[in-house]
Amino acid sequence: MEGAKLIIEEINREAEQKIKYLLNEANAQAEQIKKEAEERAKSKAEWIIRKAQTQAEIEKQRIIANAKLEARKKKLQEQEKLINEVFESLKEKLASMPEDEYLETLKLLILDSLRELEVESVKISSNEKTLELLKSKSRAVKTFITKNLGKKVNIEFGEPINTIGGVLVKSEDGSVRVDNTFEARIERMKSELRAKIAKAIFG
């Protein structure tokens, strides 16, 4: 009986030790799983934060870029508006030029046109008021042309056209022409004028 009791006690001790070992193992594994879970959670949280920060930075840059684009657009619109106002003012000044000054300008425009055309006979068109002025001063105009061109050119006057001033000069058969109306000259100089006006207005 005594021997059996000792055997049972030994078995109980081994069982208790085994149970204790298993419990320790289980606790260790549970702790490891918990630690790993916490690390994964922390890592995921950091990733979410980084992603949110990245998205926030992207959104910030997008807003800044849009704001800059909108500001540039408004500046260009305002610039274009002011430039157009300057062009309109220039047209008005040209259209209201004193007669003597205007006549001298017309002589130079006709001379410029004839030098470009290199023909013996031309027809000049402009608005009605300009044609009347040129007809009334035709002798002075033709004398100026002959003197500065070095040869005589037959000059006729055509029908009125829609222009604020200047001249449209065509060969007799109409095959070649030089448009020296104020609108055409402003249009040809527009890029250069636009740059000068923009610099003067906006620096």
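Just the heavy atoms: all of them, side chains too, but no hydrogens, waters or symmetry mates, feed the values below. Residues take their numbers from the sequence shown, with the count starting at 1.
- By the 4.5 Å heavy-atom criterion applied to side chains, Pro160 and Asn127 are not counted as neighbours.
- Under the 4.0 Å criterion applied to side-chain N and carboxylate O atoms, Glu120 and Lys151 are assigned as salt-bridge partners.
- Note that NZ of Lys142 and CG of Asn154 are 6.5 Å apart. Values are rounded to the nearest 0.5 Å.
- Considering OG of Ser113 and CG of Leu168, their distance stands at 8.5 Å, rounded to 0.5 Å.
- Going from atom CG of Leu131 over to atom OG of Ser126 covers 5.5 Å, rounded to the nearest 0.5 Å.
- In this structure, Glu36 and Gln32 have side chains that are in contact, with non-hydrogen atoms separated by less than 4.5 Å.
- Between Lys137 and the options Leu103, Leu106, Thr143, a side-chain contact (heavy atoms from CB on, under 4.5 Å) holds for only Leu103.
- In the hydrophobic clustering of ILVMFWY residues, with side-chain heavy atoms under 4.5 Å counting as a link, Met189 and Met97 come out together.
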**Prompt:** After noting the C-alpha distance and the side-chain angles of Asn180 and Arg188, does the key distance pass the side-chain contact (heavy atoms from CB on, under 4.5 Å) rule?
**Reply:** CA-CA 10 Å; Asn180 265 331; Arg188 289 197 293 272; 2.9 Å; yes

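- Summarising the geometry, atom CD belonging to Glu99 is positioned 10.0 Å from atom OG1 belonging to Thr130; distances are rounded to the nearest 0.5 Å.
- Considering only heavy atoms from C-beta on, Gln61 comes within 4.5 Å of Glu57 through its side chain.
- One N or O on the side chain of Tyr102 and one on the backbone of Gly166 form a donor-acceptor pair closer than 3.5 Å.
- Enclosure of atom CD in Glu172 is not indicated, since only 12 or fewer non-hydrogen atoms of other residues, nucleotides or ligands lie within 6.0 angstrom.
- Ile124 and Ile161 fall into different hydrophobic clusters, where Ile, Leu, Val, Met, Phe, Trp and Tyr side chains are chained together by heavy-atom contacts under 4.5 Å.
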**Message:** Between Glu159 and Ser125, does the side-chain hydrogen bond (donor to acceptor under 3.5 Å, both in side chains) criterion hold? Intermediate values first, please.
**Reply:** CA-CA 6 Å; Glu159 296 298 317; Ser125 297; over 6 Å; no

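- In this structure the side chain of Thr105 reaches within 4.5 angstrom of the side chain of Phe182, judged on heavy atoms.
- The 12-atom threshold is not exceeded at CG of Asn162, counting heavy atoms of other residues, nucleotides or ligands nearer than 6.0 Å.
- Residue Ile145 holds its CD1 atom at 12.0 Å from OG of Ser138, rounded to the nearest 0.5 Å.
- The closest side-chain heavy-atom distance from Val122 to Ile110 is not below 4.5 Å.
- No side-chain heavy atom of Leu117 sits less than 4.5 Å from a side-chain heavy atom of Lys170.
- A donor-acceptor contact closer than 3.5 angstrom is absent between the side chains of Arg115 and Asn148.
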**Item:** Stepwise side-chain contact (heavy atoms from CB on, under 4.5 Å) test for Thr181 and Ile164
**Value:** CA-CA 8 Å; Thr181 58; Ile164 60 171; over 6 Å; no

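- Salt bridge status for Glu104 with Lys107: present, with a side-chain N to carboxylate O gap under 4.0 Å.
- A donor and an acceptor atom, one from each side chain of Glu183 and Thr163, are located under 3.5 Å apart.
- Following chains of ILVMFWY side-chain contacts shorter than 4.5 Å, one can reach Val178 starting from Val167, so the two form part of one hydrophobic cluster.
- Remark: Lys135 NZ is packed, more than 12 non-hydrogen atoms of other residues, nucleotides or ligands lying under 6.0 Å away.
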**Asked** Can you list the steps and then say if Arg185 with Leu109 is a side-chain contact (heavy atoms from CB on, under 4.5 Å)?
**Response** CA-CA 10 Å; Arg185 289 182 69 84; Leu109 292 176; 3.5 Å; yes

**Item:** Stepwise side-chain contact (heavy atoms from CB on, under 4.5 Å) check, Val119 with Val153
**Value:** CA-CA 8 Å; Val119 294; Val153 175; 5.6 Å; no

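- The backbone N or O of Leu108 sits nowhere less than 3.5 Å from a side-chain atom of Asp112 that would complete a donor-acceptor pair.
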